[in-house]
Structures are given as C-alpha cells and as structure tokens.
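What follows is a set of notes on a single structure, which appears directly below.
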Amino acid sequence: MIKYDPKQMEPKWQKRWLENKTFAAVTGGDRPKFFALVEFPYPSAQGLHVGHPRPYTAIDVVVRKRRMEGWNVLYPMGWDAFGLPTENFALKNHIHPAIVTRNNINRFRAQIQALGISFDWDREVDTTDPSYYKWTQWIFLQLYKKGLAYKKEMAVNWCTSCKVVLANEEVVNGACERCGGDVVRKVKSQWMLKITEYAGRLIDDLDGLDYIERVSASQKHWIGRSHGADIVFGTTAGDDLVVYTTRPDTVFGATYMVISPEHDYLKKWAPLLKNSEEIAAYQDAAAHKSDFERTELGKDQEKTGVLLQGVEAVNPATGENIPVFISDYVLASYGTGAIMAVPGHDERDWAFARKFGLPIVEVVAGGNIDEAAYTDIENGTLVNSGFLNGLTVEEAKKEITDWLLRKHKGEARVNYKLRDWVFSRQRYWGEPIPMVWCDTCGWVPLPEDQLPLELPYIEDFEPTGEGDSPLARHDEWVNTTCPKCGAAAKRETDTMPQWAGSSWYFLRYCDPHNSEMLASEAALDYWMPVDWYNGGMEHTTLHMLYSRFWHKFLYDIGVVKGPEPYMKRTSHGMILGEDGQKMSKSRGNVVNPDDVIAEFGADTMRVYEMFIGDFEKTAPWNTASIKGSRRFLERVWALQDGLLPDEAVRPELESVVHRTIKKVGEDIEHLKHNTAIAAMMSLLNDLAAAGGATRGEYRILLQLLNPFAPHVTEEAWEQSGFGGEVSGQPWPAWDENKLQEDTVEIAVQVNGKVRGKVMLPAGVAKGDALAAAKAVPAVQAALAGKTLAKEIWVPGKLISFAVK
RNA sequence: GCCGCCAUGAUGGAAUUGGCAGACAUACCUGACUUAAAAUCAGGAAUCGGAAACGAUGUGCCGGUUCAAAUCCGGCUGGCGGCACCA
C-alpha cells in the first residue's frame with residue numbers, strides 16, 4: 001500500500017476532473033434537474049479566506065451525493081468583481097483595477113480548485129466582462145422603459161476633506177473611513193430603481209418559499225409593511241396637509257401636527273410665516289446634521305422643533321384648530337413627511353408635547369398619560385372621541401376609516417419602510433449606465449444594439465473633487481450624439497452599484513456563452529428556478545431583495561417563467577479566529593486556506609470544516625483539532641490494507657452499516673454534515689474493532705465518504721481495484737429490515753431514575769419486557785414495599801415504573 | 001427600544017422532535033511498541049464522596065407541567081447578529 005499523500009493525489013484528481021469535465025452540467029435530459037447555488041465571491045486582493053470554503057464544501061457535499069443519486073446537477077461558480085475595494089486597492093498600489101481584478105480572479109480560481117469543489121468551470125461568469133455586463137445594462141434599459149428607473153435629487157455622503165462621494169459602507173460613525181474627515185450630506189442627482197413598486201409582492205411571495213425563518217423574517221421586517229390610513233387635515237393656508245398614521249383611531253387626540261424640515265409646503269407658505277428666519281435656521285441645521293446625528297444620537301436627545309407662526313391646521317375629527325411644528329423627528333422620506341401628533345398615545349409625540357407644553361389628551365383608556373404615552377393597542381377603549389367612544393381600538397380603526405372615506409377626509413392605506421434603490425455611484429469600477437443626456441430630448445436610453453457600453457480604459461480613475469465620476473473627465477467618452485435626434489449629447493458618467501451584477505448572475509449560469517440574449521429560453525426553462533441557494537446572512541436584505549426584485553421584473557416582461565428565483569435559502573455561520581473573534585488582519589488571527597491545504601490536504605480541510613459544528617452557527621477555528629480529521633482520513637486510507645475478500649457486508653455488521661447509510665444520507669440533506677461524519681467515524685471504529693473491512697464494506701464506506709473527501713476516496717477506490725470512479729457509482733441504498741439490531745438494551749426507570757438495564761430481543765412484546773425488567777435485582781429493590789401506579793413502555797428503548 | 005438567534009464536560013460539539021445527557025472529535029491521563037521521542041495501537045475520564053461496589057448532584061438562573069424535561073410552559077440573567085425617531 002502506498003502512503004497517504006494528499007500532495008500527490010489531490011492535484012491528480014483535480015486535473016482529471018477538469019480535463020474530463022466530470023462535473024460539467026448538460027442542459028436537458030430525462031434526469032431530474034438540481035440547480036444548486038452558492039454566492040459567488042468578491043475576488044479581493046487578500047485571496048481566499050477559510051470562511052469561503054465552508055458553504056462551497058457544504059453544498060458540494062449535497063450535489064456530489066445528488067449526482068450519485070441520479071440528479072442532473074448544475075453547480076456553478078463565478079466572480080462578483082466590480083466594486084469599491086478593488087478600486088481603492090488599485091488607487092493605493094497604482095495598478096489598474098482591470099489588472100487587479102484579473103489577478104485576483106486567477107488567484108481565487110486556483111485556490112478554489114485546490115479544494116476539489118465540483119463546480120462546472122465551463123460556466124464561470126465574471127461581472128466585469130463586457131459580454132456579461134452587456135446584459136446587466138440591457139436589464140437596466142428594460143427597467144427604464146417600464147418607468148422603473150428614474151433620476152432624483154438625493155443626498156449622498158460627502159467627505160469634506162477628501163472632497164469625494166462616499167458609499168454608506170465608507171462612513172463610520174459619521175466620519176470618513178479613509179481620512180477621518182467630517183461627512184456631510186450633499187445633494188446630487190441619482191439614478192433610482194423603483195423597488196418599492198414590488199414591495200407588496202416581495203413580502204407576499206415569501207410564503208411559498210423554503211427560506212430559513214430568520215431570512216424571511218428579516219426581509220419582512222426590512223420591507224416593513226404597515227396598515228393604516230391617510231388623513232386629510234385642512235390648514236388656514238388653504239392647502240390640505242395629508243398625514244399617514246397606523247393609529248387613525250386616535251385622531252380625536254391629535255393636538256398638534258409636525259412636518260419634516262424638508263417639507264415642500266414650507267417654501268409655499270413662506271409669505272404667511274411670521275418667524276421664517278427661525279424656521280430657515282432650523283432647516284439649515286437639520287440639513288447639516290449627518291444621518292448619524294439625526295438618528296443614532298437623536299433618539300436619545302431631547303426633541304427639537306419650531307412652531308410655524310401664521311399657519312394652523314384643522315383636526316377633521318374635532319374641527320378644532322391645532323398648531324403646526326417642524327421637527328427633524330419627522331422624516332421626509334416616510335409616509336407623507338407629515339404627522340398628526342397624538343401625545344397621549346405615541347412616545348415621541350409625548351416627549352415633544354412635554355417639552356413644548358402642548359395639551360395631552362387621553363383618547364384610549366387604560367394607561368396613565370400623565371406618566372407616559374399609552375401605546376397598548378390590544379387593550380383599551382376609546383374615550384373623548386365622539387362617535388368612537390366605547391369602541392375597542394380595532395373597532396375604532398375600522399369605524400374611523402369608513403368615516404374618513406365618507407367625508408372625503410382620507411382612506412385606508414398600506415405603507416412600506418422600504419425605499420427605492422439608489423442605483424448611481426460616482427465611481428470608475430462599475431458598469432456604465434447606458435443613458436445619454438440630450439438638451440432637447442432629455443434622458444435617452446442607448447439603443448440595445450449599442451450594448452455593451454464598455455467601460456473605457458482610463459488611467460486617472462481616482463474620484464473627482466467635484467464629486468463626479470472619474471469618467472466625467474474624459475470628454476472623448478462623454479461627448480456623443482443623441483440616439484434620438486442626432487444632436488450633440490453627453491453620456492451618463494455614473495456607474496452602477498456593486499449589487500447590479502449579482503442581481504441576475506444565476507440566470508447567466510444557465511447559458512453563460514449566449515451572445516444573443518442573457519440566456520436562452522430553453523436553458524432558463526430547464527434550470528430555473530434555483531433549487532437551493534446558500535449564502536451569508538449579510539446578504540439577506542440587500543442582495544436577496546435586489547435579485548428577487550429584478551427576477552420579478554424579468555418575470556413581468558416575460559424573460560423568465562416563474563416569479564421567484566430561489567426556492568430554498570439556507571445560511572452558513574461565520575468561521576471565527578482561534579480567539580473566538582472575527583478574523584481580521586489587524587487582529588492577526590487570519591487562517592489562510594493555502595497553508596491548511598499544504599499541511600493537511602484539501603480533503604482534511606473539507607472534512608474539518610464540515611465537522612466543526614452546526615453549519616448555521618458561527619464556529620471558532622481550532623488548529624489543534626484539524627488533525628482529528630486528518631487522522632480519520634489516514635485510518636480510512638489504511639483500511640484498504642488487508643481487505644477481507646468478501647464482496648458482501650458481514651451479517652454482524654449489517655445493522656450498523658445500514659444505519660450509517662441512512663443517517664449519512666439524511667444528515668447531508670439537512671446540512672448536518674458534522675453528525676454524518678461522526679457516524680462514519682463510528683462505522684470506521686466498528687470496522688477496525690471487527691478486524692478490518694470486507695471489500696463490500698469498504699466500498700460502502702468510500703461511497704459515503706466521497707462527497708466529503710472526494711480525492712482520497714477516489715484514490716483508495718482505484719487502489720482497491722473496484723473499477724470506475726466512486727463519483728460514478730450509485731449512492732448506497734439501505735434496507736429498512738436490516739436497521740434493527742437483534743437484541744436491544746432497554747433502560748428500566750423507577751420514578752424517573754434508571755435502576756437497571758435488560759438485554760431483550762428486538763421485537764419483544766410489552767408483557768415480556770415488563771416481566772424481564774421486574775426481574776432485575778436493583779429494580780426489585782427499588783420497587784419493594786411500594787405500590788405500582790403506572791407502567792410505561794417505550795418500545796425498544798425504556799421501561800418506566802411509577803410507584804408510591 | 002424592536003426583531004431574530006443562542007447558553008450542554010477542559011475545548012468543538014451530539015442527543016428519532018419529551019424517553020439512558022455528554023455520541024463523534026480535540027486536549028488530557030495510563031499502558032503497549034520504541035534506546036528515546038514522535039507517530040500508531042489499546043484503555044480511562046461530567047462533577048462530588050468512596051479503595052470499590054455504589055450513592056448523590058448535574059444541560060445559564062428561579063419556578064411549573066409530566067412516570068419522564070437540555071427539549072414544553074411562565075419569569076429572569078448573560079451573549080451574538082440585524083434594524084432603529086418608519087408615525
């Protein structure tokens with residue numbers, strides 16, 4: 001027997017798999033299809049991290065088993081390669097982002113291939129490849145044509161010292177991540193995508209999907225649907241002020257109103273306002289507050305605001321005039337940017353009313369509004385509320401909503417916290433937005449036959465001091481002609497955000513080399529939807545919602561046949577450093593997978609990461625225990641020496657072998673790879689105790705272990721002369737009749753304490769088992785002198801006597 | 001503040017959905033092999049008491065349901081992740 005040497009064997013098999021295209025997916029055929037997806041990585045300059053292989057391997061185990069079971073599997077990999085870190089790395093090291101990206105991809109590919117993951121490398125995609133982003137741009141154009149892409153003045157993060165627009169991720173506690181300078185809000189015109197139009201469907205359609213609970217829960221929470229009503233308040237200025245509220249039942253308690261400092265009416269009402277200077281000062285202060293100051297700190301601070309002198313509102317329920325304030329606790333971006341304040345039953349309004357000495361009226365009985373706002377909507381009845389008096393909150397909501405409708409003073413309304421997607425970045429390393437500005441025609445989409453609009457190769461890709469994209473400096477690229485009227489025009493210089501390319505990449509995997517369309521109808525029909533998608537929790541609300549939104553849009557325009565892209569979503573836990581902290585360069589606790597493979601081999605790395613613990617939970621890396629996985633593989637390898645010639649399983653081992661087959665198969669489907677491995681370790685211990693394995697037993701062990709440790713099992717299979725390759729064998733079957741041991745050990749409890757054990761034949765009847773149990777001396781002693789109240793028989797497991 | 005998740009030996013973690021807590025592994029201890037060490041093999045081990053048989057106690061804390069609770073219920077404590085002035 002040759003020595004177990006992963007350095008020799010692993011590259012040999014990896015090369016063979018690539019050359020023979022062992023794992024290449026073929027579209028079509030009679031076998032059931034299985035599209036398994038893991039999130040494609042961002043190829044960073046740091047190279048692969050030990051966290052990456054965890055999901056790749058876990059799903060690899062599933063698909064390797066599924067192939068053996070006869071499924072037609074698509075398991076692809078690619079690169080989400082546009083983005084800020086690459087651009088920043090390029091700036092710092094004076095290397096062009098295109099070159100950085102190419103190098104990083106090559107490194108990542110080699111590192112992933114060294115793990116022996118059964119990806120179909122013929123379907124690799126790269127979001128920075130013009131033949132790929134052609135279709136990202138195409139989808140944008142379709143969105144634009146359907147009115148789902150629009151330009152809007154939006155506040156962006158502006159670093160006052162770098163003079164550059166920052167992404168939200170670059171703003172840390174209100175300061176620039178790079179220089180520590182102050183970050184303020186600066187208004188720029190940005191492309192937006194109307195994801196809010198899909199908000200309801202994005203929630204409702206979650207119901208038919210097999211997402212783990214925490215994913216669907218946080219998507220729902222993020223979209224934030226609430227049910228309430230719009231209510232129209234008249235004003236002394238003549239304009240109606242519409243508010244959104246989830247508590248229309250409390251309208252009789254609305255003793256003042258608040259509008260956001262950005263509210264449109266302030267401009268309109270300026271001539272009427274007697275304290276416009278004070279108001280302007282407050283507006284200015286609010287504009288200069290960063291988001292951080294306005295939310296993170298703001299909620300703990302005292303409420304601020306200014307009374308509008310010269311305009312009053314009219315409560316439609318009471319008919320009374322009430323004052324109107326501006327305050328930054330009312331957000332311009334939610335609802336109508338105005339609220340009716342009900343200090344008796346809203347904590348924020350209560351705090352504001354207290355500070356400004358405004359009346360607090362109780363309209364729902366049950367609390368003590370002198371102490372705090374009473375917000376319990378489950379209990380409480382309406383008081384001081386005219387025709388609503390005596391109703392419960394739920395009844396009152398319905399009653400007042402009907403009344404509002406009758407009186408033309410409002411209507412029921414559903415609202416969402418979800419905002420439209422800011423789709424512009426003032427950066428170089430992203431997909432150009434295929435739009436042209438013409439002074440006479442306005443925004444004109446680039447004709448589809450001019451796609452892809454390639455990102456020009458420029459050397460001065462650092463951001464401009466005006467906050468424009470670096471592309472804006474390049475007149476030769478910016479200046480073009482209007483596709484509509486032919487006059488001189490300018491290209492959009494903003495690029496798409498990093499989320500764009502990843503919003504549809506799974507579709508491209510179905511037909512990655514198609515130059516006519518993003519993927520052929522036949523390929524999409526065959527492979528979509530994704531049957532199982534695994535990824536990180538950090539992508540639950542952005543990537544997952546963006547891609548579901550795009551997919552629903554493509555469904556609406558007939559490109560795909562189903563409304564949802566992913567049938568099942570699971571999520572892996574992070575791998576922490578040995579100190580239990582998140583791995584990071586600054587902590588010095590980063591483990592490099594290359595080193596692990598060099599020392600122990602890829603199979604050991606795979607088995608270790610699968611054995612480390614519950615897949616969904618974070619797990620600390622532990623260098624000391626890796627050797628346990630290596631030892632296990634060594635022992636499996638060594639077992640081929642001196643195989644017993646029998647091709648069958650020995651009768652005394654049948655039950656353990658069949659139980660292991662059943663357990664490993666079931667555990668894999670539930671991503672409980674840790675217990676599957678434990679079961680195989682146990683089987684190996686049993687085989688060793690039985691003086692080694694027969695050929696038949698060894699074949700089964702290698703088949704079960706193959707999805708976890710594909711290289712060593714193939715090598716041992718070949719060395720043992722079993723013929724063919726393990727990956728080409730059918731998955732072992734188990735026989736229900738062979739699961740049971742002939743005899744079982746049954747625990748005997750008296751009043752919940754184990755007092756003895758009996759060995760009995762497997763199918764023993766209750767009466768016989770009880771009799772045998774009572775014959776055990778220790779049980780007899782425990783029963784002596786007591787009255788037997790109850791006898792419980794759990795077949796094959798335990799007997800419990802309850803005595804008094 | 002809200003939402004979600006978690007708490008089991010020295011360590012990572014198991015426990016057919018209420019049925020013998022601690023599988024499997026790491027570290028540790030003992031023995032075999034070895035001049036020796038490593039590697040390998042065999043064995044030990046939750047804690048406390050006891051030489052041992054054995055007994056008692058044990059799954060973050062307090063209480064409950066049950067013949068039986070890591071698991072279910074009520075009330076806490078601590079930790080992790082996300083959201084956060086959303087009317």
Side-chain angles (χ1 to χ4, degrees), chain A residues 212-218 220-222 224-226 228 243-247 250 254 258 260 294-301 303 327-331 333-342 345-349 351-352 415-419 537-538 540-541 573-574 576 580 607-608 611-614 616-629 631-632 634-635 638 662-663 666 672 674-682 684-685 688-689 745-757 778 788-804:
Chain A
I212 52 170
E213 174 59 27
R214 54 196 176 127
V215 169
S216 42
S218 58
K220 279 180 196 164
H221 188 242
W222 182 266
R225 174 154 61 193
S226 65
V243 302
Y244 170 74
T245 177
T246 55
R247 294 294 305 277
T250 61
V258 187
S260 73
R294 205 161 150 173
T295 60
E296 295 285 318
L297 295 174
K299 67 187 171 207
D300 295 329
Q301 287 177 346
K303 298 266 179 286
S327 173
D328 63 7
Y329 85 90
V330 172
L331 308 175
S333 51
Y334 183 77
T336 61
I339 61 159
M340 64 173 200
V342 185
H345 307 283
D346 180 282
E347 285 165 20
R348 295 153 300 180
D349 297 344
F352 190 90
N415 229 320
Y416 299 92
K417 291 184 192 173
L418 187 70
R419 306 290 158 79
M537 280 308 289
E538 69 274 22
T540 301
T541 47
M574 231 189 323
L576 303 174
V607 169
Y608 171 67
F611 189 57
I612 199 168
D614 189 330
E616 286 201 10
K617 291 189 197 147
T618 57
W621 185 266
N622 187 329
T623 301
S625 43
I626 301 172
K627 67 174 69 150
S629 300
R631 254 178 223 163
F632 168 57
E634 295 262 14
R635 292 179 69 207
K662 180 169 191 270
K663 177 153 184 65
E666 290 173 353
K672 295 175 84 171
N674 52 337
T675 50
I677 291 168
M680 290 186 281
M681 286 173 167
S682 266
L684 177 66
N685 290 344
E745 187 186 64
I746 291 171
V748 185
Q749 297 182 340
V750 178
N751 280 358
K753 281 196 176 17
V754 179
R755 294 296 176 179
K757 299 189 175 176
L788 199 53
K790 213 168 179 181
E791 296 173 334
I792 289 109
W793 164 235
V794 184
K797 274 202 186 130
L798 112 167
I799 289 163
S800 181
F801 296 113
V803 298
K804 280 175 189 157

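When reading the values below, keep in mind they use all heavy atoms of this one structure, side chains included, and skip hydrogens, waters and symmetry mates. Below, chains carry the letters A, B, ... as their sequence lines are ordered, and counting in each starts from 1.
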(request) Take atom NZ of A:Lys790 and atom P of B:A68, then tell me their distance rounded to the nearest Å. (result) 9 Å
(message) If I take atom CZ in residue A:Arg635 and atom P in nucleotide B:A39, what distance separates them, rounded to the nearest angstrom?
(response) 15 Å
(request) Under 3.5 Å for both distances, Watson-Crick or G-U wobble, that's the pair rule; now give the dot-bracket for RNA chain B, with | marking pairs to another strand and [ ] for crossing ones. (result) (((((((..(((......[....))).(((((.......))))).((((....))))..(((((..]....))))))))))))....
(request) Output all residues satisfying side-chain contact (heavy atoms from CB on, under 4.5 Å) with A:Arg631, sequence neighbours left out; order by chain, then residue number. (result) A:Lys627
(message) My understanding is that only residues two or more places apart in sequence, or in another chain, count here; which of them pass side-chain contact (heavy atoms from CB on, under 4.5 Å) with A:Lys617?
(response) A:Asp614
(request) Please state the C1' separation for the pair B:G82 and B:G60 - nearest whole angstrom. (result) 24 Å
(request) Go through the structure and list residues passing side chain to side chain donor-acceptor pair (under 3.5 Å) with A:Asn674, not counting sequence neighbours. (result) none
(request) Check every strand shown and say whether A:Thr541 touches a base, only sugar-phosphate, or nothing at a heavy-atom separation below 4.0 Å. (result) nothing
(request) Name all residues meeting the side chain to side chain donor-acceptor pair (under 3.5 Å) criterion together with A:Ser625; count only those two or more places apart in sequence or in a different chain, and write none if there are none. (result) none
(request) Using the C1' atoms only, state how far B:A84 lies from B:G74, rounded to an integer number of Å. (result) 29 Å
(message) Measuring only the C1' atom in each nucleotide, how far is B:G78 from B:A14? A whole number of Å is fine.
(response) 24 Å
(request) May I have the distance from A:Arg247 (atom CZ) to B:A87 (atom C1'), rounded to whole angstrom? (result) 11 Å
(message) Please enumerate all residues that pass side-chain contact (heavy atoms from CB on, under 4.5 Å) together with A:Ala802, with sequence neighbours excluded.
(response) A:Asn751, A:Lys790
(message) Rounding to an integer number of angstrom, what distance separates B:C24 and B:G18 when you compare their C1' atoms?
(response) 24 Å
(request) Calculate the interatomic distance between A:Ile799 atom CD1 and B:G19 atom P; express it in whole Å. (result) 17 Å
(message) Please give the distance between the C1' atoms of B:A53 and B:C62 as a whole number of Å.
(response) 37 Å
(message) Classify A:Ala802 by what it touches in the nucleic acid, base, sugar-phosphate, or nothing, heavy-atom distance under 4.0 Å.
(response) sugar-phosphate
(request) List for me each residue that meets side-chain contact (heavy atoms from CB on, under 4.5 Å) alongside A:Glu538, sequence neighbours excluded, and say none if there are none. (result) none
Between the protein and nucleotides 10-17 of chain B, list every N/O to N/O distance that falls short of 3.5 Å.
from  : atom 1 : to       : atom 2 : distance (Å)
B:G12 : O2'    : A:Ile612 : O      : 2.8
B:A14 : OP1    : A:Asn674 : ND2    : 3.0
B:A15 : OP1    : A:Lys672 : NZ     : 3.2

(message) For A:Tyr608, give me all partners under ring-ring contact (aromatic ring centres under 6.0 Å, His included), at least two apart in sequence or on another chain.
(response) A:Trp621
(request) For B:U16 and B:U71, measure between their C1' atoms and round to the nearest Å. (result) 13 Å
